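Step one of this worksheet: look at the structure below.
Chain naming here is simple, since letters A, B, ... match the order of the sequence lines and numbering starts at 1 in each. Given the structure is predicted, the values throughout are model-derived calculations rather than measurements.
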Amino acid sequence: MATPYNHRAVEQKWRKMWEEHPINVNDGKKEKYYCLDMFPYPSGNGLHVGHWRGYVISDVWSRYKLMQGYYLIHPMGWDAFGLPAENYAIKMGTHPAVTTAENVANIKRQINEIAAIYDWDMEVNTTDPAFYKWTQWIFVQMFKKGLAYEKEMPINWCPSCKTGLANEEVVNGCCERCGSPVTKKNLKQWMLRITKYADRLLKDLDQLDWPEKVKKMQTDWIGKSYGAELDFQVENSDKAITVYTTRPDTLYGATFMVLAPEHAMAKELATPEQKEAVEQYIFNASMKSSVDRLQDKEKTGVFTGTYAINPLNGAKVPIWLSDYVLADYGTGAIMCVPAHDDRDFEFAKKFGLPIIQVIAKDGKEVEDLTEAYTEPGIMINSGAFNGMDSNEAKEKVPDMLEKKGLGKKTVNYKLRDWVFSRQRYWGEPIPIVHCPDCGAVPVPEDQLPLLLPDVESYQPTGTGESPLADITEWVNTTCPCCGKPAKRETNTMPQWAGSSWYFLRYVDNKNDKELVSREKADKYLPVDMYIGGVEHAVLHLLYSRFYTKFLYDIGVVDFEEPFHKLFNQGMITGKNGIKMSKSKGNVVSPDDLVRDYGCDSLRMYELFVGPPELDSEWDDRGIDGVYRFISRFWKMVQENAGKDVPETKELVKLRNKLVYDITTRLESFSLNTVISGFMEYNNKLVELTKTTGVDRTTLMTAVQLLAPFAPHIAEELHQVLGGEGSVFAEGWPTYDEAAMKDDEKEIVCQVNGKTRTVIKLPADVSKEDALAAAKAALGSKITGTIIKEIYVPGRIVNIVQK
RNA sequence: GCGGAUGUGGCGGAAUGGCAGACGCAUCAGACUCAAAAUCUGACGGGGGCGACCUCGUGAGGGUUCAAGUCCCUCUAUCCGCACCA
């Protein structure tokens, strides 16, 4: 008599077994497969069922790869520096080092509940000095190559987090972490020259097996555009203003130009009469937050009183200032062609500036344009260019100006250099010493890691200085270059610093000589499959690509892209699609579900809730269905186990179909239908148990297929069936297409596309016989003259009648 | 404004152009039970018919096709991303 399924006993037994006999063993002969999870930051809230899903998906995929015979690399670590950890510590009134350690311990316990086969020998923690030694080392290398540089400029500033932010960390004008509106602050910052890699970051997207959505987001973020820089001489001056435009073909239509209020020449262009208004405008613009600037779509501006000369036709155009022109894109100045640009049109209408059409709309000039015409077309009102296609003029105009030294073709990117300094405590100290004589000098590599000093007060100061600035005994040092007194850099690195390269370190995490040995890097890297949420599409994933390309350039690794394939799992939400959060009170903890239903059931239910790439609403009740399936499968195997049922043709067919269905669904990442597939086949096997029974090979195969999804019960049933060792050593079952073939097929018989009956015919029936059989079966249902007969072998007969 | 995704029973969802609603949840009925739970069996989109059956039905409207949830066009709703980048 079969014992009923007891998840607690089964799961405890196998956890212990796996601890004693690990199932992932590198025999050196196997090909590697690196399956990576986006490592978590150890927040105080612990994991909810949504976090579980990502880890379950990656574990299922990892175990599948393991069974296929790969040597699996499946590590886990902690992204423990940065704002979330520090803000939590401040809230709790405890040192971030303490809370971080506690949170790591708690989340590690929760992750262990998943029974994922992480190799904890590979564990990394970004706050470990042995790890951040190399985070600092990379910075020093970038400094040496001129990729890390200091610059004083107005940067994005979060008044709540009291730190500067990178462009990527500002979402709709608000702080990506806390949601506060971002302001500007003039600060001397360390910057990383990611723009130098813009073209490679763009081009290499082609070779990645990533969701198109993410590639598109990165493409847009890099924002490459082709255009020209043109020089407008300032009237009565020897100075010129360079503008950037993507439409040099419309140059004859330029009736005014606009500079960003922050433009270096903005103040000096003001005539005495306009001086007050100009300075007022510049001041007002400087007070606007990013949110205001985004929301105030109504154009504002001020005339400087000064004119510039159109380099092509010598026309005099007024120079205006307006905050719709961005200071840090292009040259911070534009030529305005109101007839062919929506924004310029709006500005011209508001301030009564002339509008000259230079590209024909519908082949002609339009009286009184009511909106800008932004399409290409035939040039008009453009002197020698009249009649030319505007796309051709796009090339010709800058070429012509280049000969006169007044312009050139150029490309521009939306991507900005990466603001890398944070005025916060909980991060890697930037390993730089400021010497009055030698300038910025990197900390010598043999003195790395530069340890983050312990402090009493780690709260952000809000002054633009890091809390480290108060520790005089740490700040005051000597110059590594000349030995004279010098001061340490007090800013820290952003959270992204560690996460930009952590995946390289896992495979050689104890190496104190190198970031990663070249031998291990060549053997185990890069990542084959990366699984995580889509929220990092332009943050972590762009930064990591940049770091990897840099490390390639300096010979640390031999590949340019870190993540070959990327999978973004959808979010698990609460009722009505509301994001799970503590404040909403809709967080579902996996802990109780594991206790009541077991790890195997929760793992399968996490996949069963819906397609893995889409968001899914969590509903606790559904887990009963998965639990019932597991119990029925358990019972079915137990009932057949001792019977020694002989193998029949039907059983062989069923087994091969099962392997085929599960494998193809798994390969296409349709994990929810893998689970429903198991249920479907189990229903069939339960039926067979009542009659012929199920043979041992089929049972064994089903158990093996189930193993990546429900590893505990699979191990137990594998043992029940007399299997030796671990089920994971059995390999992934294969199927034989020939054995799957049906002798008989169900043929749907339709009249005029409507199903009237279904008949069974031999699989190899001829078209004539099939049609004859169908017509006989349809009989009196065919009432008119037959005008067409369709036969799709093995599927359908359709009789078309008048 | 631009770009992307999604829209199928009471619910989650399934369907290489070929029987729409697999699988599961919930619900209802029955069996077992003193009873309940668990388990098992059956029903379960709408309308019609005593009935084998007929008919409508995949956000809306057109189209292609012998055949459309699926392909094409035009809308619409929801969600996400970007958003004055010249």
Side-chain angles (χ1 to χ4, degrees), chain A residues 4 171-173 211-214 216-217 219-221 223-225 227-228 243-248 250 254 257-258 260 293-294 296-299 322-326 328-337 340-344 346-347 374 412-416 534-535 537-538 570-571 573 577 604-605 608-611 613-626 628-629 631-632 635 664-665 670 672-683 686 746-758 781 787-792 794-801:
Chain A
V171 179
N172 293 325
E212 287 306 315
K213 177 192 164 96
V214 176
K216 178 82 169 47
M217 281 169 77
T219 303
D220 290 350
W221 190 260
K224 186 175 187 175
S225 73
V243 303
Y244 173 73
T245 180
T246 53
R247 295 295 302 273
T250 63
M257 59 191 295
V258 176
R293 204 158 157 164
L294 279 171
D296 294 350
K297 292 277 180 176
E298 177 83 7
K299 296 274 181 292
S322 174
D323 66 2
Y324 84 90
V325 174
L326 305 176
D328 55 355
Y329 179 75
T331 61
I334 59 167
M335 67 175 211
C336 297
V337 185
H340 305 290
D341 181 277
D342 294 324
R343 298 148 300 181
D344 299 348
E346 195 193 326
F347 194 84
T374 57
N412 244 310
Y413 299 92
K414 289 191 201 176
L415 184 70
R416 310 293 150 87
V534 76
E535 65 273 14
V538 287
M571 204 180 14
T573 67
M604 291 190 85
Y605 185 57
F608 191 55
V609 282
E613 70 279 7
L614 299 183
D615 293 352
S616 298
E617 275 180 34
W618 187 263
D619 182 353
D620 268 352
R621 288 179 298 185
I623 196 172
D624 284 316
V626 174
R628 281 176 201 140
F629 155 72
S631 306
R632 280 196 282 254
K635 191 170 157 221
T664 50
R665 291 174 193 191
S670 180
N672 53 327
T673 63
V674 170
I675 307 303
S676 60
F678 277 124
M679 292 172 172
E680 243 171 287
Y681 279 95
N682 188 49
N683 290 344
V686 168
E746 287 199 338
I747 306 294
V748 173
C749 302
Q750 300 182 331
V751 177
N752 286 358
K754 289 194 168 130
T755 301
R756 285 295 173 257
T757 187
V758 178
K781 300 258 168 63
I787 52 173
K788 199 165 185 181
E789 293 167 347
I790 312 282
Y791 172 58
V792 181
R795 287 189 174 275
I796 204 159
V797 169
N798 189 7
I799 305 296
V800 186
Q801 66 174 12

Check your understanding: Which whole-number value in Å describes the distance from A:Tyr244 OH to B:C84 P?
Key -> 16 Å

Check your understanding: Taking the P atom of each, how far is B:G46 from B:C72, in whole Å?
Key -> 32 Å

Point to revise | No-hydrogen, no-angle side-chain donor-acceptor test under 3.5 Å, A:Asp344 and A:Tyr324 | key: yes

Point to revise | Pairing residues for A:Glu617 by the salt bridge (charged side-chain N to carboxylate O under 4.0 Å, His left out) criterion, not counting sequence neighbours | key: A:Lys575

Review point. Can you tell me how far the CG atom of A:Asp323 sits from the NZ atom of A:Lys299, to the nearest 0.5 Å?
Key: 9.0 Å

Practice item. State whether the distance check finds a donor on one side and an acceptor on the other, under 3.5 Å, for side chain A:Lys299 versus base B:C84. Key: yes

Check your understanding: How many Å lie between CZ on A:Arg632 and P on B:U39, as a whole number?
Key -> 8 Å

Review point. Counting only Watson-Crick or G-U wobble pairs whose two distances fall under 3.5 Å, which nucleotide matches B:U27?
Key: B:A43

Check your understanding: CZ/A:Phe678 to OG1/A:Thr673 distance, rounded to the nearest 0.5 angstrom?
Key -> 11.0 Å

Point to revise | P atoms of B:G9 and B:G4, separation to the nearest Å | key: 26 Å

Check your understanding: So what's B:C82 paired with, Watson-Crick or G-U wobble, going by both distances under 3.5 Å?
Key -> B:G1

Check your understanding: What integer number of Å spans the C1' atoms of B:G13 and B:A35?
Key -> 37 Å

**Study point:** Atom-pair distance (CE on A:Met217; C1' on B:G3), nearest Å
**Key:** 11 Å

Point to revise | Under 4.0 Å protein heavy-atom contacts per nucleotide of nucleotides 7-20 of chain B, with B for base, S for backbone only and - for none | key: -----BSS-B-BB-

Exercise for review: Mind calculating the distance between CG (A:Asp344) and C1' (B:C84) to the nearest angstrom?
Suggested key: 10 Å

Check your understanding: What integer number of Å spans the P atoms of B:U64 and B:G69?
Key -> 16 Å

Check your understanding: RNA chain B: A:Trp221 or A:Thr246, which has the more 5' nearest nucleotide?
Key -> A:Trp221

Check your understanding: For the pair made of NZ in A:Lys754 and P in B:U65, what is the distance, rounded to whole Å?
Key -> 18 Å

Point to revise | Partners passing salt bridge (charged side-chain N to carboxylate O under 4.0 Å, His left out) against A:Asp341 (at least two apart in sequence or in another chain) | key: A:Arg343

Exercise for review: Report yes if at least one side-chain N or O of A:Ser225 is closer than 4.0 Å to OP1 or OP2 of B:A86; otherwise report no.
Suggested key: yes

Check your understanding: Between B:U58 and B:G7, how far is it from one P atom to the other, in whole Å?
Key -> 14 Å

Practice item. Compare side-chain N and O positions of A:Tyr329 against OP1 and OP2 of B:A86 and report whether any pair is under 4.0 Å apart. Key: yes

Review point. Separation of A:Tyr681 atom OH from B:C23 atom P, in whole Å?
Key: 12 Å

Check your understanding: Okay, side chain of A:Asn752, backbone of A:Gln801: is any donor-acceptor separation there less than 3.5 Å?
Key -> yes

Check your understanding: Mind checking who B:G51 pairs with, Watson-Crick or G-U wobble, both distances under 3.5 Å?
Key -> none

Check your understanding: Just how far, in rounded Å, is P of B:C23 from CG of A:Asn683?
Key -> 7 Å

**Study point:** Atom C1', compared across B:C73 and B:U27: separation rounded to whole Å
**Key:** 42 Å

Check your understanding: Under a 90° cut-off about 0 for the syn range, is B:G7 syn or anti?
Key -> anti

**Study point:** RNA chain B: 5'-proximal contact among A:Val800 and A:Arg628 (nearest heavy atom)
**Key:** A:Arg628

**Study point:** Distance, C1' atom - from B:A37 to B:C56, rounded to whole angstrom
**Key:** 42 Å

Check your understanding: Heavy atoms under 4.0 Å, any strand shown: does A:Arg665 hit a base, just sugar-phosphate, or nothing?
Key -> nothing

Review point. Using atom P of each nucleotide, how far apart are B:A26 and B:G12 to the nearest Å?
Key: 15 Å

Study note, to complete from the structure: Rounded to the nearest 0.5 Å, the OG1 atom of A:Thr250 sits from the NE2 atom of A:His340 at a distance of 7.0 Å

**Study point:** Reported CD-to-CG distance for the pair A:Glu789 and A:Asn798, which is rounded to 0.5 angstrom
**Key:** 10.0 Å

Exercise for review: Could you walk me through whether A:Ile790 and A:Gln750 pass side-chain contact (heavy atoms from CB on, under 4.5 Å), step by step?
Suggested key: CA-CA 9 Å; A:Ile790 312 282; A:Gln750 300 182 331; over 6 Å; no

Review point. Does any nucleotide pair with B:U74 by Watson-Crick or G-U wobble geometry, both distances under 3.5 Å, and what is it?
Key: B:A60

Check your understanding: What integer distance in Å separates A:Asn752:CG from B:U55:C1'?
Key -> 16 Å

Check your understanding: A:Ser631 near the nucleic acid: base, sugar-phosphate alone, or nothing, with a heavy-atom cut-off under 4.0 Å?
Key -> nothing

**Study point:** Pairing nucleotide - B:U33, Watson-Crick or G-U, each distance under 3.5 Å
**Key:** none

Revision key, fill the gap. Scanning all shown strands, the Watson-Crick or wobble mate of B:G18 with both distances under 3.5 Å is B:C66

Review point. Counting side-chain heavy atoms from CB outward, which of B:C80, B:A86, B:A83 is closest to A:Lys213?
Key: B:C80

Check your understanding: Can you tell me how far the CE atom of A:Met257 sits from the OG atom of A:Ser322, to the nearest 0.5 Å?
Key -> 13.5 Å

